[in-house]
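What follows is a set of notes on a single structure, which appears directly below.
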Amino acid sequence: MVTKRIKVYGIVQGVGFRPTVSRHAASLGIKGSVANLGPYVEIYAQGEEDTVDEFIRKIKEEPPKRAVILKTDVKLVEKEDYDSFNIIESGKTSGEIFVSPDIAICDECLDELFDKNNKRYLHPFINCTCCGPRLTILDALPYDRERTSMKEFPMCPACEKEYHDPDTRRYDAQPVCCNDCGPEVFILDDPDNRKGRDAITYVRKVLAEGGVAAIKGIGGFHLACNAYDDDAVKRLRSLKNRPFKPFAVMMKNREEVLKNCYIEEYQESILTGHQKPIMLLKRKAGSEIAASVAPENPMVGVMLPYAPVQSLLFDYDDGIDMPSCLVMTSGNLSGLPICRNDDDARKEIASYCDVILTHNRKIRVRADDSVMDFFDGKPYMIRRSRGYAPLPFMMTKPFGGTVIAYGGELKNTFCVAVNNLMYPSSYIGDLTDLKGKNALIESTQRMCTLLEAEPFYAVCDLHPTYNSSAAAEESGLPLIRVQHHYAHILSCMAENDYTGDCIGISLDGTGYGTDGTIWGGEVLKCSLDGFERLGHIRPFLHTGGDVASREGFRIAISMLIDIYGDDAEAKAQSLGLVRKGNFKTYKAMHDNRINTAVSTSCGRLFDAASAILGIRYEQSFEGEAATSLEFKALEFSGQEFAAPGLIEGDVITTDKIISRLVSGMENGEDISKLAYEFHYLLAKGVAQMAMEKSGDIRTVALSGGCYQNKLLTKLTRDELTKNGYNVLIHSMVPPNDGGIALGQALYGINKINSLNK
């Protein structure tokens, strides 16, 4: 007889790990115990050595469906004889901590939800050990009911019996509940006090008749309407003042997705898996989805129901004929954090909808939906949030200490680094006002509590007026500041667990440069210790201040003045660029540096190109002009183009690319061909600069919001790989500003380790 202690690290809380271990022990006659100690599950296994080893194999190879084992530690120990195998009370200890993301409803619970003979028939909060809320209801670790928002709902005798019975699917399931003892849905501020069944039926009726409903889910509120009803979608657009930005949709089931969209084999498991992100899928020509869901966009963002109440919106025994596809967009003011409680909903989104369906289970942590694109058969994340955060990235290089990185101003996330583990947060949003900043501060404090982390330093952007930087300053911690585009490259390095020197191509919107100008089209020599700016796109005047980021024709006019001088006015007029005011006003602003700044922003370069080609002169949301330019380029079959003289010293001559577009338009060339040529020449230019400046370095990292553009990513990568370079790209971390906190955290943790040497 031997006794072995097994420590299992990873996502082993809130996924039914202890009950599964108990079942494995029973099947093999193992005696001992299993306990949740916060950072890990600790198991004592006593039996014949071969049997104990088989038990350990089963733990590793047959864990619960939703568990993620990152490492195990096995040690032979001396222990008294056990007479049984028990799940013992959770305890707490220090060490690595892994917090489970929220888990979509599992197939077994979905079957029970619609089984008239089941006690949880149509229960909006059905869950088991394999599914349900985790991060969003969690107050503290270890993950037990008394440390979640479910503590307010005592279990009924039937649920309590299941909770303690190792033969049930809800053995030790912390959010377990039923129609008799769980939370309740209701209509907010309803004079008729509709709740439960009456509330769901009423909301279904509103949606079926073309109305708009706000619905509280697991991580916040959504705004919903019939995605097959163009009038309903247009009304929601009007109410939310969102003229063109695509809406995400939720479809009833996989079959409905197949009717409307193309699904590749590698996307299937993610579509139906336990994270259920919004996935960008190509719309079929015969799709019934309203054109206004994603205007002039060949792709549509699709997800399946992941919360029980969402499934009930599609299926209920009330006789209402419901659409099988609903718009399901974040319930918030544009760009701000998603609403998570009733007060938020009243203040911010009540005017957008006809009814608000809420519930009385508190959301502790916001978790907006993750948004995923695909590149070369792999995920290419746009927004990493629900279902993925706060799963950590583990660096092979050993680090010690703790820092917290506050991210950027747009698409904000933060990241806590504890030793060699980097924990990126759920999506916060744009920090354009006090609500965003306060949400960031509250979320960082809660995450540090969950991770039992006490940061030594706060890491933030160089920009002096970012709200994220202000939040870092208010933390009271010593500050480490990191240049924006360098942080982008570091985030790509962190995701790829790469800690050597590399050349970073960071193509982005705008970021504060070390020289006080606006950067955004950069080639950098990077290490964990710092960077050197090797090159950049041709600087231009960013004319018009913040409005220029919405009106790309202003940037285009400014570039034409630089390139063509006295001939610029005629060219601007012929290209239809003088949209507001007159050319002389724009030239006076340019020449006299009125409300202008020097810029190398690649994002604004895209906006100018889109305007010159007549694709988008201005935009109603960030990236509209650039994505429209990419879609137009993808209409062209592609070829190689002449690319003479793209490098002059440390400058990529993007002015020549712009003049090529102008001459092409003057010659009446195909716009899709010119759009493709723009991508091709830009990729060629930045790749050539990287190669010319690389010296002995043979690794190049691509990051920044412009590399959300898959055509640009492919063209840049292919140019580098055919010349023998190793290219690092993103996958599960967005290349946009939603990823820079990870890079900031890596820099910060390396910095404090260097200081302590």
Side-chain angles (χ1 to χ4, degrees), residues 1-47 51-52 54-69 72-75 77 79-93 95-100 103 106 108 127-134 137-148 150-151 154-177:
M1 299 286 289
V2 299
T3 304
K4 292 187 177 181
R5 185 195 67 197
I6 307 111
K7 292 183 179 180
V8 186
Y9 297 82
I11 302 303
V12 290
Q13 297 191 38
V15 291
F17 202 89
R18 289 172 290 175
T20 298
V21 169
S22 179
R23 292 188 192 102
H24 288 331
S27 71
L28 294 169
I30 294 291
K31 296 177 181 179
S33 66
V34 57
N36 182 350
L37 295 184
Y40 54 87
V41 166
E42 183 177 67
I43 305 159
Y44 285 96
Q46 195 172 79
T51 308
V52 170
E54 172 63 11
F55 174 64
I56 294 170
R57 183 200 67 77
K58 288 175 78 74
I59 291 171
K60 292 179 180 179
E61 298 180 12
E62 300 175 32
K65 295 177 184 177
R66 310 303 188 231
V68 179
I69 296 176
T72 56
D73 178 27
V74 180
K75 185 177 181 181
V77 295
K79 274 288 208 180
E80 72 282 357
D81 290 347
Y82 290 95
D83 56 14
S84 61
F85 191 92
N86 296 301
I87 295 179
I88 61 176
E89 191 68 24
S90 297
K92 290 186 71 175
T93 187
E96 297 167 345
I97 293 176
F98 304 92
V99 180
S100 173
I103 303 171
C106 66
E108 291 86 352
N127 67 83
C128 69
T129 53
C130 285
C131 69
R134 299 295 189 265
I137 62 171
L138 193 57
D139 284 318
L141 291 171
Y143 175 66
D144 284 315
R145 192 182 185 95
E146 63 266 25
R147 286 178 285 274
T148 75
M150 285 299 295
K151 66 187 175 186
M155 288 181 281
C156 67
C159 284
E160 192 164 17
K161 183 177 185 299
E162 287 181 274
Y163 179 83
H164 291 292
D165 184 351
D167 293 328
T168 74
R169 290 178 48 250
R170 293 180 174 86
Y171 180 37
D172 210 39
Q174 306 310 325
V176 65
C177 59

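Distance check, rounded to the nearest 0.5 Å: CG of Asp144 to CG of Asp139 gives 12.0 Å. Of the inter-residue distances, the one linking Arg145 atom CZ with Lys151 atom NZ reads 12.0 Å to the nearest 0.5 angstrom. Rounding to the nearest 0.5 Å gives a distance of 12.5 Å between NZ of Lys31 and OG1 of Thr51. One distance of note links CZ of Arg134 with CD1 of Ile103; it measures 4.5 Å at 0.5 Å rounding. His164 contributes atom NE2, which lies 10.5 Å from atom CD1 of Ile87 (distance to the nearest 0.5 angstrom). Here the CD-SG distance, from Glu162 to Cys177, works out to 10.5 Å after rounding to the nearest 0.5 Å.
The nearest pair of heavy atoms linking Pro63 to Lys60 is CD-O, 3.7 Å. Residues Glu62 and His24 approach most closely at O-NE2, 2.9 Å, considering heavy atoms. Residue Ser27 comes nearest to Lys58 through the heavy atom pair OG-CE, 4.0 Å, listed as atom of the first residue, atom of the second, then distance. Smallest separation of non-hydrogen atoms from Cys128 and Cys106: SG-SG, 3.6 Å. Shortest non-hydrogen contact noted between Gly47 and Val52 is N-CG2, 3.5 Å. Listed here is the closest heavy atom pair of Thr129 and Tyr171: CG2-O, 2.9 Å.
Under the 4.5 Å side-chain criterion, counting only non-hydrogen atoms from C-beta, Arg5 is in contact with Asp73. Residues Val8 and Ile59 are in side-chain contact: their nearest non-hydrogen atoms beyond the backbone lie under 4.5 Å apart. At a threshold of 4.5 Å between non-hydrogen side-chain atoms, the residues Val34 and Phe17 do not count as touching. A heavy-atom distance below 4.5 Å is not found between the side chains of Tyr82 and Ile30.
A side-chain donor-acceptor contact under 3.5 Å links Gln174 to the backbone of Asp172. Side chain of Gln46 to backbone of Glu80: a donor-acceptor contact under 3.5 angstrom is found. Here the side chain of Arg170 pairs a donor or acceptor atom with the backbone of Asn127 at under 3.5 angstrom.
Relative ring orientation between Tyr9 and Tyr40 is described as tilted, the plane-to-plane angle lying within the 30° to 60° band.
Applying the side chain to side chain donor-acceptor pair (under 3.5 Å) criterion to Arg169, with sequence neighbours excluded, gives Glu112.
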